[in-house]
Amino acid sequence: MRALLLLLCVSNVFAEEKDPKVIIVGAGPSGIAAASKLLQNGITDVTILEAEGRIGGRVNSTIFGDYWIDLGGQWVHGECNNVAHDLAAPLGLLSKAMGPGRPEEEPVNHRYYSSEGEVIMKELGVEFFTYVDESAHGSAENLKSGSYGERLDNRLNEYYNNHTDKITPDMRNGLAHAVKLGLMALQGATDLNDVSFKMIQEDGGSSGFSVVNWKDRAYATILEILMKKIPNPEEELPIMNKTSLNKKVIKIEYNGDGPIKVTTSDGSEYTADHVISTTSLGVLKADHEKIFKPVLPEKNKNSIESFGFGHNAKILLYYDEPWWDTTESFMNLLIWREADRKEIENDPEKSWMLGVAYSLPVEYKPKLLFLWMSGPYCEQMEKIPDELFKNQTLGLIERFFGKSYNLTQPKDIIRTRWNTNENFRGTYSYPSLASVANNASREQLGTPVMRNDKPVIQFAGEATEPHDYGTVHGAIVSGWREADRLINFYKKKN
Ligand SMILES: Cc1cc2nc3c(=O)[nH]c(=O)nc-3n(C[C@H](O)[C@H](O)[C@H](O)COP(=O)(O)OP(=O)(O)OC[C@H]3O[C@@H](n4cnc5c(N)ncnc54)[C@H](O)[C@@H]3O)c2cc1C
Ligand SMILES: *[C@@H]1O[C@H](CO)[C@@H](O)[C@H](O)[C@H]1NC(C)=O
Ligand SMILES: *[C@@H]1O[C@H](CO)[C@@H](O)[C@H](O)[C@H]1NC(C)=O
Ligand SMILES: *[C@@H]1O[C@H](CO)[C@@H](O)[C@H](O)[C@H]1NC(C)=O
Ligand SMILES: *[C@@H]1O[C@H](CO)[C@@H](O)[C@H](O)[C@H]1NC(C)=O
Ligand SMILES: *[C@@H]1O[C@H](CO)[C@@H](O)[C@H](O)[C@H]1NC(C)=O
């Protein structure tokens, strides 16, 4: 009896508006999560239009050397209140260890290498790193600009002044530069002086630094879990069949009462009752006035223009014979001496190297060395020709690590290009000073455009999540949120 009633309900849900047509713009984690939830709740006329030739968006797992690697989202950030963790952990896919048989909570060795190749800060290293870490918490009250950058500078100056014997004036700028790049990676910012310290206190600055890895797999596994291909391939939802690749949406016309018209750059036209846009904040900033006709309401526009969209990049090197100790976990910070920095800072071909914050090993993939970059330097790096880029990267490694290690030659090298790619235009969103000044909020960013009581244009994506922004799990939650909005709308109608 129960089952029968349920069946009746499901078939009645869409009695009035028979099978609403939904277009999802973007096949990143938020778009795929939205489609998955819609399909499982009886809304099946779903089309995903994706500009790139692949699904996944800022989750981009690819083969490199013998490994699956992540060019975008890589770690599951946090174990609690994290939907990605909840989905993957029960399937045994996640780990906190460096690799098989290696301890879970291994201490990370923080080391500082100067641009002259010396190991510096040997005595203070750990203490200094902890001190910098703690700068993330505190009161924003006494800050003039209100920025995280100002907060950090104040703290660093106090530290330097107490340690004049161990930290020479020549090292100060280099240390500040390196820790700022590192914190910009955490915050997803282009400039730490543009991050609102107040906002990161209030929203917890995303889900912290906890890093859980996918063992020998990579983050794109989450897409297969969302599509229900994992754990049981026979239960796969037809999401791939509803996805069209290389379809870049250039116009969304939602004037009047008729269906919404969506146009792609190849001239194809689609109609829909609802559009869920999941494009990055970077894409919205650049294109929202061109794409949406009529232009979006003031509230959406304000938050799109006010929030920040950061720039980060990865460089990965594959070594048949790693030159570092593959049994340890480390973060090696690159500290530029003043004279060395000055020598390259105005050289348009070399200054990108100042954006490399640190090198790390990669869990379960011992032959990989990972360089992390932040800030405007990333875009410069992306434009350097292949051969020159390789030569410069090897030169950089030689410069900082060549005196401490017997270096070997990498077999392969790969870099990301998120910032110059017009389907992303950056990496992830951050709470900027302008978003505070303009009273913008992530709720505003995710506010749908309504027609009477009906959501017509909806927004999902990492940047629209108030707490878990900047992450894959935040993107998934945002996709589910917008699917639920539609599911509830049609429930209420009946
Ligand atoms: C280098 C890097 C490292 C990261 N590391 C981590 C990490 O370790 N852990 C973590 O949790 N998160 C990490 N993130 C963040 C995480 O990857 C993102 O927050 C998340 O993937 C965003 O998903 P989304 O669905 O909101 O957007 P996206 O993944 O950007 O999906 C949007 C999709 O829209 C498409 N699109 C854009 N414009 C158009 C158009 N006009 N028409 C049609 N389609 C369009 C894009 O091609 C894209 O596929 C990282 C991101 C980057 C870039
Ligand atoms: C610097 O020294 C003062 C005085 O000893 C102390 O109160 C303060 O906590 C120190 N700050 C740092 C960052 O070491
Ligand atoms: C996708 O479509 C093809 C061809 O129509 C079909 O064979 C396949 O089963 C579909 N896949 C899913 C997961 O529904
Ligand atoms: C980079 O190229 C220069 C000039 O050709 C060369 O002298 C140098 O050895 C190269 N460096 C590396 C690390 O390959
Ligand atoms: C580098 O190789 C030399 C010669 O084999 C050796 O003496 C030295 O200890 C090695 N250095 C390091 C850091 O491994
Ligand atoms: C932001 O909100 C505050 C308090 O509600 C108000 O005083 C201020 O004028 C608002 N600023 C803008 C730019 O809307």
Side-chain angles (χ1 to χ4, degrees), residues 23-34 48-60 70-78 82 84-85 185 188 206-207 210-214 219-220 222-223 243-252 262-265 277-284 286-287 290-291 310-314 323-325 372-374 378 387-388 390-399 401-407 409 416-419 421-429 459-465 468-479:
I23 288 182
I24 298 172
V25 183
S30 63
I32 289 183
I48 307 184
L49 301 176
E50 167 56 52
E52 294 274 311
R54 59 172 182 86
I55 64 161
R58 280 171 274 168
V59 169
N60 185 2
D70 278 306
L71 298 173
Q74 173 173 350
W75 293 290
V76 177
H77 285 315
N82 180 322
H85 194 272
S206 194
S207 328
S210 162
V211 287
V212 176
N213 67 72
W214 287 87
Y219 218 143
I222 199 74
L223 306 172
T243 302
S244 297
L245 301 176
N246 300 306
K247 291 286 185 187
K248 186 183 173 72
V249 170
I250 54 166
K251 201 162 277 179
I252 300 173
V262 176
T263 311
T264 53
S265 60
S277 168
T278 76
T279 60
S280 76
L281 180 61
V283 170
L284 285 176
D287 299 333
K290 280 177 258 166
I291 292 178
H311 295 278
N312 298 99
K314 293 179 177 184
W323 46 264
W324 60 94
D325 178 356
W372 181 270
M373 291 187 66
S374 303
C378 301
E387 272 313 302
L388 186 59
K390 186 173 172 188
N391 174 289
Q392 289 176 336
T393 304
L394 299 187
L396 184 79
I397 288 172
E398 210 170 283
R399 169 174 215 150
F401 306 120
K403 281 190 185 159
S404 307
Y405 300 89
N406 289 321
L407 297 181
Q409 287 301 305
T416 59
R417 286 199 171 90
W418 297 107
N419 307 283
N421 182 330
E422 59 177 27
N423 296 327
F424 299 96
R425 296 185 186 272
T427 41
Y428 34 98
S429 64
F459 297 93
E462 159 270 305
T464 68
E465 262 308 290
D468 292 323
Y469 62 83
T471 66
V472 177
H473 62 277
I476 293 171
V477 166
S478 77

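For the numbers below, each heavy atom of this structure counts, side chains included, while hydrogens, waters and symmetry mates do not. Start at 1 and go down the list; that is how both ligands and their atoms are numbered.
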How far is [atom] from its nearest protein heavy atom, and which residue and atom name does that atom have?
| atom | result |
| --- | --- |
| atom 5 (N) of ligand 1 | Gly73 CA, 3.3 Å |
| atom 15 (C) of ligand 1 | Gly470 O, 3.4 Å |
| atom 46 (C) of ligand 1 | Glu50 OE2, 3.5 Å |
| atom 34 (O) of ligand 1 | Gly26 CA, 3.2 Å |
| atom 53 (C) of ligand 1 | Thr427 CG2, 3.4 Å |
| atom 37 (C) of ligand 1 | Asn423 O, 3.3 Å |
| atom 9 (O) of ligand 5 | Asn406 ND2, 4.8 Å |

Distance under 4.0 Å to a non-hydrogen atom of [X]: what atoms of ligand 1 satisfy this?
| X | result |
| --- | --- |
| Glu52 | 47 (O) |
| Lys248 | 41 (N), 42 (N) |
| Ser30 | 24 (P), 25 (O), 26 (O) |
| Gly28 | 25 (O), 29 (O), 31 (O), 33 (C), 49 (O) |
| His77 | 7 (C), 8 (O), 9 (N), 10 (C), 11 (O) |
| Glu462 | 19 (O), 22 (C), 26 (O) |
| Gly461 | 26 (O) |

Min N/O separation [X] to ligand 1 under 3.5 Å:
| X | answer |
| --- | --- |
| Trp75 | yes |
| Arg58 | yes |
| Trp372 | no |
| Gln74 | yes |
| Thr279 | no |
| Val472 | yes |
| Ala51 | yes |
| Val249 | yes |

Would you please indicate if the ring centroids of Trp323 and Phe401 are separated by under 6.0 Å?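 Yes, the ring centres sit under 6.0 Å apart.
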With heavy atoms only and a cut-off of under 4.0 Å, state how [X] meets ligand 1: side chain, backbone, both or neither.
| X | answer |
| --- | --- |
| Leu71 | backbone |
| Tyr428 | side chain |
| Tyr469 | neither |

Any idea which heavy atoms bring [X] and [Y] closest together, and the distance?
| X | Y | result |
| --- | --- | --- |
| Val472 | Gly73 | CG2-CA, 4.3 Å |
| Ser374 | Asn312 | OG-ND2, 3.3 Å |
| Asp70 | Lys314 | O-NZ, 3.0 Å |
| Asn419 | Cys378 | ND2-CB, 3.5 Å |
| Val76 | Trp214 | CG2-NE1, 3.5 Å |
| Ile252 | Val249 | CG1-CG1, 3.7 Å |

Judged by heavy atoms only, the candidate from Asn391, Leu388, Thr393, Ile397 nearest atom 3 (C) of ligand 4 is Asn391
Kindly say whether [Y] contributes a backbone atom to a donor-acceptor pair with the side chain of [X] at under 3.5 angstrom?
| X | Y | answer |
| --- | --- | --- |
| Thr416 | Trp418 | no |
| Ser280 | Phe424 | yes |
| Glu462 | Gly470 | yes |

Considering all protein heavy atoms, does one lie under 4.0 Å from atom 11 (N) of ligand 4?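 Flag for atom 11 (N) of ligand 4 set to true, protein heavy atom closer than 4.0 Å.
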**OP:** State whether any protein heavy atom lies less than 4.0 Å from atom 7 (O) of ligand 5.
**Re:** no
Distance check, rounded to the nearest 0.5 Å: [X] atom [atom1] versus [Y] atom [atom2]?
| X | Y | atom1 | atom2 | result |
| --- | --- | --- | --- | --- |
| Ile55 | Leu223 | CD1 | CG | 5.0 Å |
| His85 | Ile222 | NE2 | CD1 | 10.5 Å |
| Leu284 | Ile291 | CG | CD1 | 7.0 Å |
| Thr264 | Ile250 | OG1 | CD1 | 7.0 Å |

Is the shortest side-chain heavy-atom distance between Val211 and Gln74 below 4.5 Å?
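A side-chain contact under 4.5 Å is absent here.
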The atoms of ligand 5 lying under 4.0 Å from a heavy atom of Ser404, numbered in the order shown, are 13 (C)
Heavy atom of [X], distance to ligand 1 below 4.0 Å:
| X | answer |
| --- | --- |
| Leu49 | yes |
| Lys247 | yes |
| Thr278 | yes |

When you look at NZ of Lys390, are more than 12 heavy atoms from neighbouring residues, nucleotides or ligands closer to it than 6.0 Å?
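No - once you tally the heavy atoms of other residues, nucleotides and ligands closer than 6.0 Å, there are 12 at most.
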Angle between ring planes, Trp75 versus His77, binned at 30° and 60°: parallel, tilted or perpendicular?
tilted
Per side chain to side chain donor-acceptor pair (under 3.5 Å), Lys248 is matched among Thr279, Asn423, Thr263 by Asn423
query = Regarding Glu52 and Asn60, is there a side-chain donor-to-acceptor distance under 3.5 Å anywhere?
reply =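 Result is no, nothing qualifies.
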Counting from 1 in the order shown, the ligand 4 atoms closer than 4.0 Å to a non-hydrogen atom of Gly395 are 13 (C)
